[in-house]
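Worth knowing before you read on, the calculation uses all heavy atoms, side chains too, and leaves out hydrogens, waters and symmetry mates.
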Amino acid sequence: MTSRGYKAADPVTKLVEELHKLPGIGPKSAQRLAYYLIRIPDGQSMELADAIAAVKQRIILCSCCANITDIDPCDIWGDTARDQTRICVVEEPLDVPTLERTGAFNGLYHVLHGVIAPMKGIGPDDLQIGGLLERLKGSAVEEVVLATNPNVEGEATSMFIHNLISPLGIRVTRPARGLPVGGDIEFADEVTLGRALEGRQEF
Amino acid sequence: MPTPRTYNTQGIVIKDMELGDADRIVTVYTPDRGKLRAVAKGARRIKSRKGGQLQPLTEVRISIVIGSTLDSITEVETVNSNRGLREDLGLLSQAIYVAELVDGFTADGAVNPREYELLSNILVALQVVEDTEQLMRYCEVQLLAMAGFGPEFGQCVECGIDLGPRDHLLSCVAGGLVGPECKASTGDPLIHLSMNSIKVLRFFQDVGWDQAQNLPLTGEIKSELKRVLAAYLAYVLDREPRSAGFVTQVAAMGKTDSGGPLGSTST
């Protein structure tokens with residue numbers, strides 16, 4: 001039996017194609033989302049379209065920290081109640097709300113927008129490192145927390161930035177490596193457990 | 001009898017890439033199965049037991065279940081974390097460069113236990129030797145030879161005559177030195193190579209690191225070897241290794257930052 005070659009209407013096909021380009025969306029999910037969007041009331045789908053358009057039109061990078069914002073400087077850098085002497089350096093804008101949820105850091109942030117990945121051809125010049133150094137020179141900043149991911153690329157990025165900041169005489173720290181809350185020691189890997197033991201604290 | 005669906009092996013992680021929300025595809029170089037790629041499910045989650053052990057440059061024992069498209073790693077045990085490499089940016093950049101060369105020179109599944117042994121030894125040696133630049137040049141020469149791209153230094157690659165002990169010209173396209181009579185016929189840009197550098201390259205091709213590390217090299221020879229091998233590697237790989245620029249950048253930082261953590265780097 002041969003297929004009759006059914007083809008959806010062009011706008012539907014186009015929508016499926018566009019949704020399929022999103023991360024984590026396979027062809028079936030793209031199709032399901034497209035038909036869902038067709039079914040929902042006009043107002044709801046237009047709100048989604050407007051939200052996407054607004055993100056592209058209004059979002060800028062903060063001139064102080066390179067975080068994604070719609071006002072410059074961003075809310076965090078504009079907040080004088082925050083500790084202006086500490087800057088936490090993160091890889092991606094998504095890391096900022098994650099760290100903010102901890103409530104343990106009241107300083108400012110700087111977003112690198114990536115990580116040094118030599119094998120992928122991503123070098124320091126492709127990241128927002130220059131802006132950070134400019135901001136640190138002659139500033140009142142006392143501590144820079146390098147909160148890159150604890151993997152090879154994150155460590156390489158942190159060491160590179162550390163080497164650049166060292167001559168400025170600013171204290172450079174990084175989050176402790178250790179056991180996740182709620183985990184079992186039995187299942188911890190040797191590398192993490194080793195670091196956790198090295199960084200043990202007085203009880 | 002049905003084919004077993006799982007196997008165990010040992011290898012060095014040479015590359016990784018993110019997959020989906022929390023998974024990672026790792027490329028592992030093994031002595032018995034060559035270069036293999038497998039998915040480490042959930043490896044990017046903070047509580048993953050696999051994530052910390054499947055970092056590039058780590059030597060691991062792994063259990064793998066064969067999948068329809070990609071195999072999956074089910075268990076990992078660290079053999080050597082090569083931790084010293086991760087604590088010094090100069091060493092890390094060079095180790096990443098070595099891993100990239102191994103990745104570039106090997107095809108999936110091509111088995112070469114000697115190359116595995118070389119990679120394992122180089123990563124360990126990087127953490128102990130003082131002159132990492134000499135180690136890098138030795139590693140380049142050995143990897144080229146093991147991959148079948150080792151340049152010919154004894155005879156002219158065009159006419160086959162024995163070449164005497166003097167300066168010669170290297171042809172990347174022809175894969176070795178060309179004699180004075182043949183230099184016009186090769187057609188590609190030739191690289192001048194001094195007699196002493198030719199001797200060092202031949203020596204590096206023939207001996208183990210235990211002997212190669214004792215050979216005293218002048219700064220002039222080192223810089224000539226670096227320049228010539230970089231050009232030859234770029235031709236064989238069809239591009240400059242991506243991490244080469246980073247190695248140079250980090251080394252330049254080390255020179256201006258005397259006494260810092262990059263003090264051991266001299267590349």
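More than 12 heavy-atom neighbours from other residues, nucleotides or ligands sit within 6.0 angstrom of CG on B:Asp108. Remark: B:Ile66 CD1 is packed, more than 12 non-hydrogen atoms of other residues, nucleotides or ligands lying under 6.0 Å away. Enclosure of atom CD in B:Glu75 is not indicated, since only 12 or fewer non-hydrogen atoms of other residues, nucleotides or ligands lie within 6.0 angstrom. In the displayed structure, B:Arg239 atom CZ is contacted under 6.0 Å by more than 12 heavy atoms of other residues, nucleotides or ligands. More than 12 heavy atoms of other residues, nucleotides or ligands lie within 6.0 Å of CG in A:Leu197, so this atom counts as buried by the packing criterion. Counting heavy atoms of neighbouring residues, nucleotides and ligands inside a 6.0 Å radius, atom CZ of B:Arg227 exceeds 12 of them. The number of heavy atoms from other shown groups lying within 6.0 Å of CG (A:Asp75) does not exceed 12. Summarising the local packing, CD of B:Glu117 is surrounded by 12 or fewer heavy atoms from other residues, nucleotides or ligands at distances under 6.0 Å.
Counting all heavy atoms, side chain and backbone alike, B:Gln55 lies closest to A:Val152 at OE1-N, 2.8 Å. Contact record, A:Met159 with B:Asp88: SD-N, 3.7 Å, taken as the closest heavy-atom pair.
Here B:Arg242 contributes atom CZ and A:Ile122 contributes atom CD1; the two are 10.0 Å apart, rounded to the nearest 0.5 Å. Here the CG atom belonging to A:Leu164 is positioned 3.5 Å from the CE atom belonging to B:Met253, to the nearest 0.5 angstrom. For the atom pair CD (A:Glu155) and CG (B:Leu89), the distance works out to 11.0 Å, reported to the nearest 0.5 Å. Separating the NZ atom in A:Lys120 from the CD atom in B:Glu100 is a distance of 11.5 Å, to the nearest 0.5 Å.
Heavy-atom distances place both the backbone and the side chain of B:Ile96 under 4.5 Å from chain A. Looking at B:Ile14, the atoms closer than 4.5 Å to chain A (heavy atoms on both sides) all sit in the backbone: N, CA, C or O. For a residue to count as touching a neighbouring chain, one of its non-hydrogen atoms must lie under 4.5 Å from one of that chain's; by this rule B:Ser81 touches chain A with the side chain only. With a 4.5 angstrom heavy-atom cutoff, B:Thr58 does not touch chain A via any of its atoms.
Applying the side-chain contact (heavy atoms from CB on, under 4.5 Å) criterion to B:Ala125, with sequence neighbours excluded, gives B:Val129, B:Leu135, B:Trp209.
Counting heavy atoms from C-beta outward, A:Arg195 and B:Arg83 have side chains that approach closer than 4.5 Å. You'll find the side chain of B:Gln249 reaches within 4.5 Å of the side chain of A:Asp125, heavy atoms only. Under the 4.5 Å side-chain criterion, counting only non-hydrogen atoms from C-beta, A:Asn151 is in contact with B:Arg24.
Ranked by heavy-atom pairs under 4.5 Å with chain B, the list A:Gly182, A:Ala117, A:Pro150, A:Pro124 is led by A:Pro124. Comparing A:Gly194, A:Ala156, A:Gly123, A:Gly24 by heavy-atom pairs within less than 4.5 Å of chain B, the highest count is held by A:Ala156.
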